Novice: 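Here you go, one structure.
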Amino acid sequence: MHLSLPGARLPVKWILAVGLLVSLLAGCEQDENGGAPAGAGGRPPPEVYVVRVEPRSVDVMEEYAARVRGSREVEVRARVQGILQERLYTEGQVVEAGEPLFRIDREPYQIELQRARAELANAQAELNQAQREWRRISTLFEQNAVSERERDSALSARELAEARYALAESGVANAELNLDYTEVRAPLAGMTGLESFPEGSLIERGTLLTTLTQQDPVHVRFSLPEGDAALQRAARRAMATNGEAEQREATLTLPDGSEYAETGIVDFTDSTIDPRTGSVSARAVFPNPNGEVVPGQFVRIQLLVQTLDDVFRIPQEAVGQGQAGARVFVVVDDVAEARTVRLGPIVDGEQVVLSGLEDGDLLVVNGHVALQEGMPVSVNEVESHEEALQAAEDEAAAAEAEAEAEAAQPDEEA
């Protein structure tokens with residue numbers, strides 16, 4: 001017979017069995033809501049931060065890569081042949097419409113004008129003689145002094161003289177026009193490009209002399225994704241009614257990241273979709289009085305795509321993923337409740353919720369990671385997500401400081 005001596009140690013397996021029994025008894029004291037112990041020794045409800053949501057209207061902006069072009073880009077060409085005598089502008093400067101740009105040798109065309117005027121004077125003299133002859137013959141014919149054949153000959157001579165005079169007149173007009181073309185003028189106001197030929201060059205009719213770009217206003221060209229149908233329809237309506245329909249405003253971000261001060265209007269979208277890119281070409285017009293926007297620049301254009309009414313804007317961090325899709329947690333009577341939501345676009349760093357929330361819901365914005373459906377919570381209502389983050393950081397810092405203070409105290413049991 002084995003007797004246990006006082007002070008003898010119990011076997012280890014007995015100790016483990018007793019510990020397991022204690023754990024089972026403690027588990028029986030869990031409340032039926034699943035979680036927290038019913039006794040005073042149970043965990044307190046988790047602390048969450050909530051904001052009260054309300055519906056609002058949201059403007060959805062989209063940004064696209066774009067390129068600037070002049071509203072008009074024309075080629076300045078010679079309209080007569082000759083020697084290029086002088087360039088009358090500074091390359092790269094802005095010129096006004098009608099301002100002289102080049103001068104071609106005028107002397108040959110001055111001589112041609114003098115010849116044309118002499119031919120006109122000769123034709124005028126012939127016409128005067130034919131008219132006098134016609135008046136004389138027609139008077140004699142009425143007196144039966146000349147034959148009908150002589151009268152017809154005088155009439156034909158007068159008509160031929162009139163035709164030669166008209167031809168001489170056109171020759172003078174053509175000579176004057178060619179002489180005027182020796183001074184090449186700007187067809188519109190804009191910025192000039194480099195000259196194609198230096199002074200002294202022999203140029204032919206139609207030779208390209210320079211280019212001219214109108215920079216006020218400027219056109220900004222970009223591509224719209226196929227899905228942005230609302231913007232496409234609005235632009236087409238504006239085109240169909242000559243700008244009388246609702247127009248979409250646009251803003252620009254310049255290459256250096258600064259915002260362009262002027263506001264533009266989307267005035268054109270193509271009627272077909274590019275099959276290679278699945279996009280639609282579009283154009284916006286921006287005033288450019290100071291020449292701040294330069295043709296050829298790559299910029300970013302921002303457009304108001306649509307306005308959503310009665311939607312909610314919430315922090316992106318508040319959205320999780322459930323079995324049915326995107327979900328958030330709201331608090332109803334200090335109990336967490338999961339809501340499946342339908343998401344819209346992200347606007348200014350916040351998630352737009354199209355449905356699934358109601359006006360006045362208490363949305364959990366911090367502390368929702370470990371939440372489960374039906375879990376009791378301790379609610380802290382704040383005004384914004386930033387305030388909730390700051391409060392959580394303050395509590396964490398306070399807890400860390402308290403833990404460090406306890407660790408610094410001497411061990412009393414020791």
Side-chain angles (χ1 to χ4, degrees), residues 72-91 93-190 192-193 195-214:
R72 295 181 66 187
E73 298 176 358
V74 298
E75 296 177 338
V76 180
R77 295 182 177 271
R79 304 178 74 170
V80 292
Q81 177 183 344
I83 301 297
L84 185 62
Q85 284 189 331
E86 187 179 3
R87 170 167 53 83
L88 305 174
Y89 72 97
T90 301
E91 295 167 308
Q93 78 174 17
V94 176
V95 296
E96 298 298 328
E99 187 173 335
L101 302 179
F102 295 94
R103 183 174 290 121
I104 299 172
D105 185 14
R106 297 170 58 89
E107 187 173 354
Y109 298 98
Q110 289 173 335
I111 295 173
E112 185 67 27
L113 178 58
Q114 291 176 356
R115 179 183 300 170
R117 286 174 176 170
E119 291 177 355
L120 178 62
N122 183 53
Q124 180 68 62
E126 291 180 355
L127 177 60
N128 293 339
Q129 176 61 29
Q131 288 176 339
R132 287 192 296 267
E133 184 70 15
W134 162 249
R135 285 193 297 270
R136 186 177 65 84
I137 295 297
S138 60
T139 300
L140 293 175
F141 179 76
E142 291 175 355
Q143 299 173 356
N144 293 323
V146 296
S147 66
E148 184 177 354
R149 180 176 181 179
E150 289 176 321
R151 187 202 66 173
D152 292 343
S153 295
L155 178 60
S156 297
R158 190 197 71 177
E159 292 174 345
L160 288 173
E162 290 175 345
R164 284 192 294 271
Y165 179 80
L167 184 62
E169 273 190 325
S170 65
V172 171
N174 184 64
E176 290 176 341
L177 190 62
N178 287 337
L179 181 61
D180 185 62
Y181 283 161
T182 59
E183 192 168 74
V184 182
R185 298 178 178 272
L188 51 84
T192 55
E195 65 174 350
S196 301
F197 291 91
E199 291 87 345
S201 300
L202 175 63
I203 57 176
E204 302 290 335
R205 182 189 300 267
T207 300
L208 177 64
L209 300 178
T210 188
T211 57
L212 197 61
T213 303
Q214 187 174 14

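Here the structure is a predicted model, which means the values were calculated and not measured.
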Novice: Go through the steps to decide whether Ile104 and Leu84 satisfy the test side chain to side chain contact (heavy atoms under 4.5 Å, CB included), and finish with yes or no.
Specialist: CA-CA 5 Å; Ile104 299 172; Leu84 185 62; 4.3 Å; yes

Novice: If every non-hydrogen atom of Gly206 is compared with every non-hydrogen atom of Arg77, which pair is closest and at what distance?
Specialist: O-NH1, 2.9 Å

Novice: Is the count of non-hydrogen atoms from other residues, nucleotides or ligands lying under 6.0 Å from Arg72 atom CZ greater than 12?
Specialist: no

Novice: Which is it for Leu120 and Tyr165 under the side chain to side chain contact (heavy atoms under 4.5 Å, CB included) test, yes or no, and what are the steps along the way?
Specialist: CA-CA 6 Å; Leu120 178 62; Tyr165 179 80; 3.4 Å; yes

Novice: Working to the nearest 0.5 Å, report the span between CD of Glu75 and OG1 of Thr211.
Specialist: 8.0 Å

Novice: Is there a side-chain contact between Glu176 and Arg117 in this structure, where contact means two heavy atoms from C-beta onward sitting under 4.5 Å apart?
Specialist: yes

Novice: Side chains of Val172 and Leu113, heavy atoms from C-beta outward: is any pair under 4.5 Å?
Specialist: yes

Novice: Can you find a heavy atom in the side chain of Arg164 that is under 4.5 Å from one in the side chain of Leu127?
Specialist: no

Novice: To the nearest 0.5 Å, what is the distance between CG on Asp180 and OH on Tyr109?
Specialist: 12.5 Å

Novice: Rounded to the nearest 0.5 Å, what separation is found between the CD atom of Gln114 and the CD atom of Glu112?
Specialist: 10.5 Å

Novice: Look at Glu119 together with Arg115 and state whether they make a salt bridge at an N to O cut-off of under 4.0 Å.
Specialist: no

Novice: Determine whether a donor-acceptor pair (N or O, by modelled atom type, separation under 3.5 Å) exists between the side chain of Arg185 and the backbone of Glu99.
Specialist: no

Novice: Using every non-hydrogen atom in the two residues, find where Val146 and Ile137 come nearest and quote the distance to one decimal.
Specialist: CG2-O, 3.7 Å

Novice: Is there a donor-acceptor contact under 3.5 Å from the side chain of Glu199 to the main chain of Arg87?
Specialist: yes

Novice: Does any part of the side chain of Thr207, heavy atoms only, come nearer than 4.5 Å to the side chain of Ser196, both counted from C-beta?
Specialist: no

Novice: Quick one, Glu195 and Glu91 - any side-chain contact, counting heavy atoms below 4.5 Å?
Specialist: yes

Novice: Nearest 0.5 Å, what's the CG-CD distance between Leu179 and Gln110?
Specialist: 5.5 Å

Novice: Of all heavy-atom pairs between Phe102 and Thr210, which one has the smallest distance, and what is that distance?
Specialist: CE1-CG2, 3.8 Å

Novice: Just wondering, do Gln81 and Tyr181 contact through their side chains at under 4.5 Å, heavy atoms?
Specialist: no

Novice: Which heavy atom of Gln214 sits nearest a heavy atom of Ala189, and at what distance?
Specialist: CG-O, 3.4 Å

Novice: Quick one: does Asn128's side chain have a donor or acceptor within less than 3.5 Å of a partner on Gln124's backbone?
Specialist: yes

Novice: Counting only heavy atoms not in Glu107 (residues, nucleotides, ligands), do more than 12 fall under 6.0 Å from its CD?
Specialist: no

Novice: To the nearest 0.5 Å, how far apart are CH2 in Trp134 and CZ in Arg158?
Specialist: 6.0 Å

Novice: Taking the side chain as every heavy atom from C-beta outward, state whether Leu209 and Leu101 have any pair of such atoms under 4.5 Å apart.
Specialist: no

Novice: Has Thr192 got a side-chain atom pairing as donor or acceptor with Gln93's backbone, closer than 3.5 angstrom?
Specialist: yes

Novice: How about Glu159 and Leu155: do any of their side-chain heavy atoms sit closer than 4.5 Å?
Specialist: yes

Novice: Is a side-chain N or O of Ser156 found less than 3.5 angstrom from the main chain of Ser153, in a donor-acceptor match?
Specialist: no

Novice: To check you understand the geometry: which heavy-atom pair defines the closest contact between Pro187 and Leu212, and what is its length?
Specialist: CD-CD2, 3.8 Å

Novice: Does Arg103 offer a backbone N or O that forms a donor-acceptor pair with the side chain of Thr182 under 3.5 Å?
Specialist: no

